[in-house]
Every structure is written in C-alpha cells, then in structure tokens.
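One structure is given here, and the rest of the page talks about it.
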Amino acid sequence: MQNNKSLYEFDHPVSDEQILEAAAYIIAQKQFRHGALTCPKDSEEFLRHKLTLIEHEVFAVLFLDSQNRILEYKELFRGTINAASVYPREVVKEVLALNAASVILAHNHPSGVSTPSQADKLITTKLQQALNLIDVSILDHIIIGETSYSFAEHGLI
C-alpha cells in the first residue's frame with residue numbers, strides 16, 4: 001500500500017528540532033564511517049545541526065581520538081540568552097574520562113551574531129592552558145550563529 005501523505009499531513013508532525021537532531025545524527029554516522037574530521041567545515045556542519053535552534057547559550061565539546069574521529073559530543077554547560085559559564089576543570093575531567101587526544105570546542109550565539117566576544121577568546125585561552133598540561137590539543141573553537149565562526153580559520157588557535 002502506497003502512502004500518499006505529504007510531510008505535513010501525518011498525525012504526528014515532526015518538529016524542526018527533531019529534524020535537525022536527525023540530520024546531526026546522520027552527519028555523525030557519516031564521519032564515523034568515512035574517518036576523521038579533516039577540516040573546520042566538517043565540524044561546522046555537524047555543530048550547526050546541534051546548536052542552531054537553541055534559544056540559550058550552550059557550550060559543547062567534540063571529543064576526538066588520535067585520528068580526529070568523534071568519540072563523543074557533549075553539551076557541558078548551559079547558559080542564558082547571551083552567556084554561559086565554562087569551567088576548565090570540568091572539561092579536563094571529561095577529556096580524561098573519554099581518553100580524548102584532542103577536542104573541538106563549540107557554542108552557540110542565540111543572537112545570531114557569530115563574532116567571538118572577548119569572553120569567548122579568554123575562555124579559549126584558559127582551556128588551551130588547562131588542556132596543554134595533559135597534552136590534549138584544541139583543534140578549533142566554533143561559534144554557531146546565523147553563520148559560523150571558526151577560531152582555527154581565523155588564526156586564533
């Protein structure tokens with residue numbers, strides 16, 4: 001039997017959040033299958049689907065193995081509409097627990113403006129200092145707004 005209903009005619013429509021979560025899952029599965037994250041655009045695509053529609057700041061980390069494959073994605077800190085408190089100690093604990101070789105930091109700007117603030121730059125530096133002590137590198141810090149901003153692409157990492 002053929003189903004002739006359009007996407008919007010089903011009894012339980014799918015929300016935008018569910019669609020984006022499914023897209024992020026598919027992207028992650030492709031990364032696991034095809035190997036390592038090789039450029040900031042790979043990471044940005046994955047993170048855009050995770051963080052775009054959130055109406056408060058979320059600070060997340062992609063934990064990577066020595067081949068830059070995703071071990072895990074975790075949203076570690078939740079903030080308000082324009083800030084999130086980030087604690088380097090908690091990031092280090094998660095890195096050690098997952099035995100990650102490197103990380104990609106990410107957070108969203110609900111305002112849509114992806115330009116990093118002075119606080120964004122400062123926490124990146126603090127995290128670099130903390131993770132350097134345990135020989136873990138930060139490959140990038142990506143801010144998701146209406147567009148994406150990559151610290152690596154702008155020479156800040």
Side-chain angles (χ1 to χ4, degrees), residues 7-8 10 12-32 36-65 68-98 100-132 136-157:
L7 178 64
Y8 299 103
F10 286 101
H12 302 287
V14 178
S15 71
D16 292 347
E17 291 83 8
Q18 290 170 315
I19 292 169
L20 287 172
E21 185 62 32
Y25 174 79
I26 292 166
I27 292 166
Q29 292 305 307
K30 287 171 85 175
Q31 294 303 332
F32 282 122
L37 294 171
T38 57
C39 67
K41 292 296 177 206
D42 289 343
S43 306
E44 288 175 26
E45 183 181 0
F46 175 82
L47 294 164
R48 174 164 302 292
H49 294 295
K50 288 287 198 182
L51 298 171
T52 296
L53 294 180
I54 301 174
E55 295 178 352
H56 55 273
E57 271 202 27
V58 171
F59 189 92
V61 180
L62 273 169
F63 298 92
L64 308 173
D65 69 9
N68 293 341
R69 292 177 298 216
I70 299 170
L71 294 170
E72 193 160 339
Y73 165 85
K74 284 192 175 186
E75 294 177 1
L76 295 180
F77 307 103
R78 177 190 164 125
T80 61
I81 60 169
N82 64 356
S85 296
V86 176
Y87 302 98
R89 172 187 171 96
E90 297 302 315
V91 175
V92 169
K93 282 172 47 177
E94 290 293 334
V95 164
L96 292 172
L98 293 165
S102 60
V103 297
I104 295 173
L105 310 174
H107 75 280
N108 64 321
H109 279 178
S111 68
V113 179
S114 59
T115 305
S117 67
Q118 194 59 38
D120 295 335
K121 293 175 185 176
L122 181 61
I123 195 58
T124 303
T125 300
K126 284 185 178 183
L127 287 166
Q128 278 180 311
Q129 292 167 347
L131 293 172
N132 280 341
V136 172
S137 59
I138 298 175
L139 301 181
D140 205 347
H141 182 167
I142 297 171
I143 300 172
I144 302 296
E146 289 176 9
T147 61
S148 301
Y149 185 96
S150 164
F151 278 52
E153 286 183 340
H154 287 87
L156 297 175
I157 287 188

Practice task
Supply the atom-to-atom distance Arg48 CZ to Glu146 CD, rounded to the nearest 0.5 angstrom.
Solution key: 9.5 Å
Exercise for the section: Please identify each residue that fulfils side-chain hydrogen bond (donor to acceptor under 3.5 Å, both in side chains) with Asn132, with sequence neighbours left out. Expected result: none
Handout entry: With Ser111 via side-chain hydrogen bond (donor to acceptor under 3.5 Å, both in side chains) - residues at least two apart
Key = none
Exercise for the section: Identify the two heavy atoms, one from His107 and one from Asp120, that lie closest to each other, and give their separation to 0.1 Å. Expected result: NE2-OD1, 3.2 Å
For residues 54-63, dump all side-chain donor-acceptor pairs below 3.5 Å to protein atoms at least two apart in sequence or in another chain.
unit_1: His56; atom_1: NE2; unit_2: Arg78; atom_2: NH1; d: 3.4

Exercise for the section: Any chance you could lay out the side-chain contact (heavy atoms from CB on, under 4.5 Å) test for Leu131 and Val95, step after step, and finish with the verdict? Expected result: CA-CA 9 Å; Leu131 293 172; Val95 164; 3.9 Å; yes
Handout entry: Exercise: identify the closest heavy-atom pair between Ile104 and Ser43
Key = CD1-OG, 3.2 Å
Exercise for the section: Might you point out which heavy atoms bring Ala100 and Leu71 nearest each other, and give the distance in Å? Expected result: CA-CD1, 3.8 Å
Exercise for the section: Mind checking side-chain contact (heavy atoms from CB on, under 4.5 Å) for Ala119 and listing every partner two or more places apart, or none if nothing turns up? Expected result: Ser117
Problem - Any residue meeting side-chain hydrogen bond (donor to acceptor under 3.5 Å, both in side chains) with Asn108, in chain and number order, not counting sequence neighbours - result: none
Fill in the blank from the handout: For His154, the ring pair (Phe, Tyr, Trp, His ring centres under 6.0 Å) test, sequence neighbours excluded, returns Tyr149
Practice task
Measure the spacing between CG of Leu105 and CD1 of Ile143 and express it to the nearest 0.5 Å.
Solution key: 10.5 Å
Exercise for the section: Output all residues satisfying side-chain hydrogen bond (donor to acceptor under 3.5 Å, both in side chains) with Glu75, sequence neighbours left out; order by chain, then residue number. Expected result: Tyr73
Practice task
Please name the pair of heavy atoms, one in Leu51 and one in Ala106, separated by the smallest distance, quoted to 0.1 Å.
Solution key: CD1-CB, 4.1 Å
Problem - Results of side-chain contact (heavy atoms from CB on, under 4.5 Å) for Ser137 - residues two or more places apart only - result: Ser102, Leu139
Exercise for the section: Hey, could you give me the CD/CD1 distance between Gln129 and Ile138, rounded to the nearest 0.5 Å? Expected result: 10.0 Å
Check: residues 85-94 side-chain donor-acceptor pairs under 3.5 Å, at least two apart:
unit_1: Glu94; atom_1: OE1; unit_2: Lys74; atom_2: NZ; d: 2.6

Completion exercise
Rounding to 0.5 Å, atoms CG (Leu53) and CD1 (Ile144) come to a distance of 12.0 Å
Fill in the blank from the handout: When rounded to the nearest 0.5 Å, the distance separating CG of Asp140 from OG1 of Thr124 is 9.5 Å
Fill in the blank from the handout: Taken in chain and number order and not counting sequence neighbours, the residues that satisfy side-chain contact (heavy atoms from CB on, under 4.5 Å) with Leu122 are Lys126
Problem - Nearest non-hydrogen partners of Ser150 and Glu44, listed with the distance - result: CB-OE2, 3.4 Å
